[in-house]
Amino acid sequence: MSYEKISNYIGGQFRDPVSCQYLDNYEPGTGQVYSLIPDSDERDVADAVMAAKNAAAGWAAMKNEDRSLWMLRLADAIERDLEMFAMAESKDTGKPVSLAKIMDIPRAVANFRFFAHAATQFSSEAHYMQGTGVNYTLRMPLGVVGCISPWNLPLYLLTWKIAPALASGNTVVAKPSEITPYTAYLLSKACHEISFPEGVLNIVYGLGQKTGEAICIHPDVKAVSFTGGTATGKRIATVAAPMFKKLSLELGGKNPNVIFADCNYEEMLKTSVRSSFSNQGQICLCGSRIFVERPLYKKFRDDFIKKVESLKIGPPDAADTDMGAVVSRAHMDKIMSYIELAGKEGGSLLTGGKPVKLGGKNGDGWFISPAVIEGLGPDCRTNQEEIFGPVVTLTPFDTENEVLAWANSTGYGLSATLWTEDLSRAHRMAEKIESGIVWINCWLVRDLRTPFGGVKNSGVGREGGMEAMRFFTEPKNICIRY
Ligand code: NAD
């Protein structure tokens, strides 16, 4: 069987890996290999860094307006082929194509457009000293930066890093997840088609410990923007921090969804189904621990289960599928092991949590019915560790202080959702909750200007808006005495 080979994109050229070795790329909906990924090593990374270094001065010197235009052209090229990108993302990840069409690909386009405009709007500070002089701060591009992204929102998160890095005048060596490389490849084809300046964006594929780590330790890579698991973030910090590289680490989560009895019930119910199971629960912002005020608990549990059971698990490429496949065999095994653990810890599985066998070409795909578990304490492993799949727990609570302590009881602190019509309580809770993002009476509402990131083991640094532009630049203060 011969499969399509993905190529590295280095210095504007499509290249085989130096080793000529390839890795299998699976389609989660069928469980079959469908393409091959370069198994790149430090030699490919060195070539990519060299290409990025050669392009750095020209890209940094280019007028902001012109850099912005290049990025807008790239956004247009993706948008023109939105359908193709969405189909590819669905095939590569197992997510419903409908989700890729309304979320992943439009967001990738929006990321390039937003930061194309940021390139022309970014400004720096001046500090006036009365009667003495003035300081002004230059925000200089760093040079070559590394962007490493995970598998759950492949193009969406890759572009969320690449776009501000480019907008602020850096050249990039990017590494998408080896599990979901395909839309990055389409992005490189779009760059090639519009003759995007050579060497400005380079994409190298391969394994984390080999290709990813080679980027992190390359002396000419001045900063690493990473999104992925907490253990990987720790490893990257271990190798890159002693080299004094700038690091932005967006890591895992175990987010609470706190529901008070006075909430707008219908809105909460509908959104909680989404915040639990969108993308098969594989969004770092999904609320996997649902806490419900006791007077509402039984009603919520019954209505929630009814809605969850009505979700259609189906082929990722079918228009009416609500839940597709999880991303890999290994990830499916991990999710199933947590469902088993929940049982051992005393939890009751109220619905789902079983492998689902679809027919036809999807017979060997990695499908799991959405699991709802109750009866677990907040401190058990099921409620403390990130599962990152279609699994939520339900826990009743009695007081604000109690639920706040439970919400804050994990090592993570990425996002939280609060449902209440009591304005004072909403603000009080939002202030005390330990997370980088709090959504009140909504979920995943995004304004690209806002700071995005987590506290505790969920990460270091913030992405989004001018925070990202500041991360990808080095401030230099210039002081003039009168
Ligand atoms: P992962 O950490 O396994 O891999 C992420 C990326 O890092 C991949 O490209 C991988 O190849 C690379 N990598 C692995 N080891 C490396 C190393 N030693 N050096 C350099 N690169 C290395 O994560 P994943 O399984 O792809 O993604 C799931 C995780 O990502 C979950 O924990 C999820 O919560 C997290 N996530 C966080 C956010 C956020 O914004 N905070 C967003 C999405 C996903």
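Indexing begins at 1, ligand by ligand and atom by atom, following the structure's order. Note that the structure is a prediction, hence the values are computed from the model and not measured. Below, each value reflects all heavy atoms present in this structure, side chains not excepted, and no hydrogens, waters or symmetry copies. Count residues from 1 along the sequence.
- For Lys91 and Tyr182, the positive end is not near the middle of the six-membered ring at less than 6.0 Å and at most 45° from its axis.
- Residues His331 and Trp366 keep their aromatic ring centres 6.0 Å or farther apart.
- Applying the salt bridge (charged side-chain N to carboxylate O under 4.0 Å, His left out) test to Glu434 and every residue at least two apart in sequence or in another chain returns Lys456.
- At a heavy-atom distance under 4.0 Å, no atom of Ala231 approaches ligand 1.
- Using cut-offs of 30° and 60° for the angle between ring planes, the Tyr9 and His192 rings count as perpendicular.
- Taking distance alone, with nitrogen or oxygen atoms compared against 3.5 Å, Leu251 approaches ligand 1 more closely than that limit.
- Counting heavy atoms under 4.0 Å from ligand 1, residue Thr227 touches it through both backbone and side chain.
- Taking only non-hydrogen atoms, the option from Thr230, Thr232, Asn152 nearest to atom 15 (N) of ligand 1 is Thr232.
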Practice prompt. Dump the intermediate steps for side-chain contact (heavy atoms from CB on, under 4.5 Å) on Val292 and Phe304, then the final yes or no.
Written response: CA-CA 12 Å; Val292 189; Phe304 185 68; over 6 Å; no
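- Ring geometry for Phe452 against Trp160 counts as perpendicular: the plane angle is over 60°, on a 0 to 90° scale with 30° as the lower cut.
- Taking 4.0 Å as the cut-off, Ser177 counts as a neighbour of ligand 1 on heavy-atom distance.
- Distance screen at 4.0 Å: atom 4 (O) of ligand 1 has no protein heavy-atom neighbour inside the cut-off.
- Contacts with ligand 1 closer than 4.0 Å are made by side-chain heavy atoms of Arg235 only, the backbone lying farther away.
- Ring orientation note: the planes of Trp70 and Phe196 are nearly perpendicular, at an angle over 60° on the 30°/60° scale.
- Nearest-heavy-atom check against atom 17 (C) of ligand 1 across Ala330, Gly208, Ala214 picks out Gly208.
- Within the 4.0 Å heavy-atom criterion, neither part of Ile179 lies near ligand 1.
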